[in-house]
Amino acid sequence: MKKILIAVLVLTCLSLVSCTREVKSQVSETKVADFGLVIHGGAGNIVKERFSPEKKTEYEQKLEEALNTGYEILKNGGASLDAVQATINVLEDSPLFNAGKGAVFSAEERNELDASIMDGKTLNAGAVAGVMHTRNPVNLARLVMDSSKHVMMVGAGAEEFGKQFDIEFVDTEYFKTEKSWKALQRAKAKEKSLNEKMGTVGCVALDKNGNLAAGTSTGGMTNKKFKRVGDSPIIGAGTYANNNTCAVSATGHGEFFIRNCVTHDISALMEYKNLSLKDAADKVIMKKLKNQGGNGGIVAIDKNGNVAMTFNTPGMFRGFRLSGKKAVVKLFAE
């Protein structure tokens with residue numbers, strides 16, 4: 001009789017554990033948005049004291065414009081990849097950010113641009129690094145993904161490939177802004193290699209079909225030397241998307257993001273450890289990266305529309321917009 005009672009108790013406990021797991025699974029699968037997107041415009045020493053009310057408004061309006069551009073594509077049933085690309089184009093065309101038009105200068109007084117994009121449905125990806133005449137580098141990265149068998153192309157070779165398609169090329173003077181030029185002179189005077197203009201841009205999106213995508217574009221570090229390339233064009237470091245987990249775009253001190261495969265690490269923690277998007281991002285950015293002295297942040301969205309905008313710096317240009325909601329834009333740590 002005692003053995004039968006023990007067996008019943010064991011089965012009851014196992015049943016309760018199974019039910020608990022099932023409930024947790026159901027909670028984690030709750031859909032919070034049918035579609036949406038999240039963006040960043042760089043992380044760094046972004047504090048209120050450095051921004052006049054007019055400048056703050058300028059950044060907020062441009063971030064909101066970018067969000068609304070991608071949102072309209074998603075709202076009308078467009079693909080997350082198209083939303084990511086169009087959103088990043090808005091930021092690349094603005095001199096406010098360190099990407100495209102506002103890209104910083106290298107030590108050789110050149111603008112060397114990097115970008116990447118990834119499809120969470122197929123895990124296909126494209127990237128370019130060190131291009132100097134491509135107006136919108138993320139468009140060239142998309143071509144590498146869609147129209148070649150490769151993932152990454154660099155420099156003149158990448159642009160030679162782009163000439164076969166309808167890619168817009170510009171004279172190098174297009175990228176020059178007074179702000180970026182002065183930043184280079186300050187960096188040279190101080191012999192700094194770190195980027196004083198943390199303005200890498202990125203976007204992640206979830207479309208109505210449940211497909212995730214991520215993209216990132218940057219001018220790299222002010223006064224960078226020896227053709228240095230950061231994390232932005234590297235899949236798994238600066239950009240990653242997987243329909244089973246999330247889409248992530250990163251910004252910050254790229255060397256740390258490369259060493260830690262940050263964007264893939266967040267996805268892996270969700271897939272293998274069953275962590276939520278927020279917990280995975282916090283573990284990587286606020287603990288692992290911060291403990292190593294790595295500064296920066298990420299924006300991410302998971303397959304259920306949950307959003308993360310995690311950073312360990314004083315601020316990060318960021319925003320999101322989910323289905324049926326208005327755009328939310330922030331600059332400083334709040």
- Do His264 and Tyr240 have ring centres separated by under 6.0 Å?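 So the answer is yes for these two rings.
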- Answer with yes or no after comparing the ring centroid distance for Tyr59 and Phe97 against a 6.0 Å cut-off, counting only values under it.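 Centroid distance Tyr59-Phe97: below 6.0 Å, so yes.
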Output the distance between atom [atom1] ([X]) and atom [atom2] ([Y]), rounded to the nearest 0.5 Å.
{"X": "Phe175", "Y": "Lys101", "atom1": "CZ", "atom2": "NZ", "value": "9.0 Å"}
{"X": "Asn139", "Y": "Asn89", "atom1": "CG", "atom2": "CG", "value": "4.0 Å"}
{"X": "Thr69", "Y": "Glu64", "atom1": "OG1", "atom2": "CD", "value": "10.5 Å"}
{"X": "Leu184", "Y": "Lys224", "atom1": "CG", "atom2": "NZ", "value": "11.5 Å"}
{"X": "Phe105", "Y": "Ser180", "atom1": "CZ", "atom2": "OG", "value": "6.5 Å"}
{"X": "Leu81", "Y": "Leu212", "atom1": "CG", "atom2": "CG", "value": "10.0 Å"}

Which heavy atom in [X] sits nearest to a heavy atom in [Y], and how many Å separate them?
{"X": "Ala241", "Y": "Leu123", "answer": "O-CD2, 3.4 Å"}
{"X": "Gly230", "Y": "Asp114", "answer": "N-OD2, 4.1 Å"}
{"X": "Glu159", "Y": "Met132", "answer": "OE2-N, 3.2 Å"}
{"X": "Glu92", "Y": "Ser217", "answer": "OE2-OG, 2.7 Å"}
{"X": "Asn111", "Y": "Lys176", "answer": "OD1-N, 4.4 Å"}
{"X": "Ala43", "Y": "Gly297", "answer": "CB-N, 4.2 Å"}

Report yes or no: does [X] contribute a side-chain atom to a donor-acceptor pair with the main-chain N or O of [Y] at less than 3.5 Å?
{"X": "Thr57", "Y": "Pro53", "answer": "yes"}
{"X": "Asn98", "Y": "Val104", "answer": "yes"}
{"X": "Asn209", "Y": "Asn211", "answer": "no"}
{"X": "Lys208", "Y": "Lys75", "answer": "yes"}
{"X": "Thr218", "Y": "Ala99", "answer": "no"}
{"X": "Ser323", "Y": "Asp34", "answer": "yes"}
{"X": "Lys31", "Y": "Lys303", "answer": "yes"}
{"X": "Asp207", "Y": "Ala79", "answer": "no"}

Hey, are the side chains of [X] and [Y] touching, using non-hydrogen atoms and a 4.5 Å cut-off?
{"X": "His253", "Y": "Met221", "value": "yes"}
{"X": "Lys227", "Y": "Val154", "value": "no"}
{"X": "Glu58", "Y": "Lys62", "value": "no"}
{"X": "Leu67", "Y": "Leu37", "value": "yes"}
{"X": "Asp171", "Y": "His133", "value": "no"}
{"X": "Leu96", "Y": "Lys55", "value": "yes"}
{"X": "Pro314", "Y": "Asn45", "value": "yes"}
{"X": "Asn295", "Y": "Asn312", "value": "yes"}

Looking at [Y] and [X], is there a salt bridge between them, counting it only when a charged N and a carboxylate O are closer than 4.0 Å?
{"X": "Asp82", "Y": "Arg142", "value": "yes"}
{"X": "Lys163", "Y": "Glu160", "value": "yes"}
{"X": "Lys273", "Y": "Asp279", "value": "no"}

- Task: Using the test ring pair (Phe, Tyr, Trp, His ring centres under 6.0 Å), find all partners of Phe165 that sit at least two apart in sequence or belong to another chain.
- Result: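 Ring pair (Phe, Tyr, Trp, His ring centres under 6.0 Å) list for Phe165, sorted by chain: Phe161.
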- Please identify each residue that fulfils ring pair (Phe, Tyr, Trp, His ring centres under 6.0 Å) with Phe332, with sequence neighbours left out.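 Counting only residues at least two positions away or on another chain, Phe332 forms a ring pair (Phe, Tyr, Trp, His ring centres under 6.0 Å) with Phe51.
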So if you build clusters from Ile, Leu, Val, Met, Phe, Trp, Tyr with side-chain heavy-atom gaps below 4.5 Å, do [X] and [Y] land together?
{"X": "Val84", "Y": "Met118", "value": "no"}
{"X": "Phe320", "Y": "Phe35", "value": "no"}
{"X": "Ile88", "Y": "Met145", "value": "yes"}
{"X": "Tyr71", "Y": "Val201", "value": "yes"}
{"X": "Met152", "Y": "Val229", "value": "no"}

- Chi angles and distances behind the side-chain contact (heavy atoms from CB on, under 4.5 Å) call for Val329, Leu331: CA-CA 7 Å; Val329 171; Leu331 276 62; 4.3 Å; yes
- Looking just at side-chain N and O atoms, do Asp93 and Asn136 make a donor-acceptor pair shorter than 3.5 Å?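 Side chains of Asp93 and Asn136: pair found under 3.5 Å.
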- Just checking, any donor-acceptor pair under 3.5 angstrom between side chains of Thr216 and Ser116?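 Ser116 and Thr216 do not have a side-chain donor-acceptor pair below 3.5 Å.
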- Message: Run the side-chain contact (heavy atoms from CB on, under 4.5 Å) test on Ser148 and Met153 for me, step by step, so that the C-alpha distance in whole Å, both residues' side-chain angles and the decisive distance to 0.1 Å come before the verdict.
- Response: CA-CA 10 Å; Ser148 84; Met153 296 183 187; 3.7 Å; yes
- Message: Atom CG of residue position Asp166 - does it have more than 12 heavy atoms of other residues, nucleotides or ligands inside 6.0 Å?
- Response: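 No, CG of Asp166 has 12 or fewer neighbouring heavy atoms, counting only those of other groups under 6.0 Å.
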- Check the pair Asn304 / Thr30 against side-chain contact (heavy atoms from CB on, under 4.5 Å), numbers first and verdict last. CA-CA 7 Å; Asn304 296 310; Thr30 301; over 6 Å; no
- Query: When you look at Phe311 and Arg318, which way does the side-chain contact (heavy atoms from CB on, under 4.5 Å) test go after all the steps?
  - Reply: CA-CA 10 Å; Phe311 55 98; Arg318 63 201 187 277; 3.5 Å; yes
- Co-members of Ile298 in a cluster of I, L, V, M, F, W and Y side chains, linked at under 4.5 Å: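 Other cluster members: Val248, Phe256, Phe257, Val262, Ile266, Leu269, Met270, Leu275, Leu277, Val284, Ile285, Met286, Leu289.
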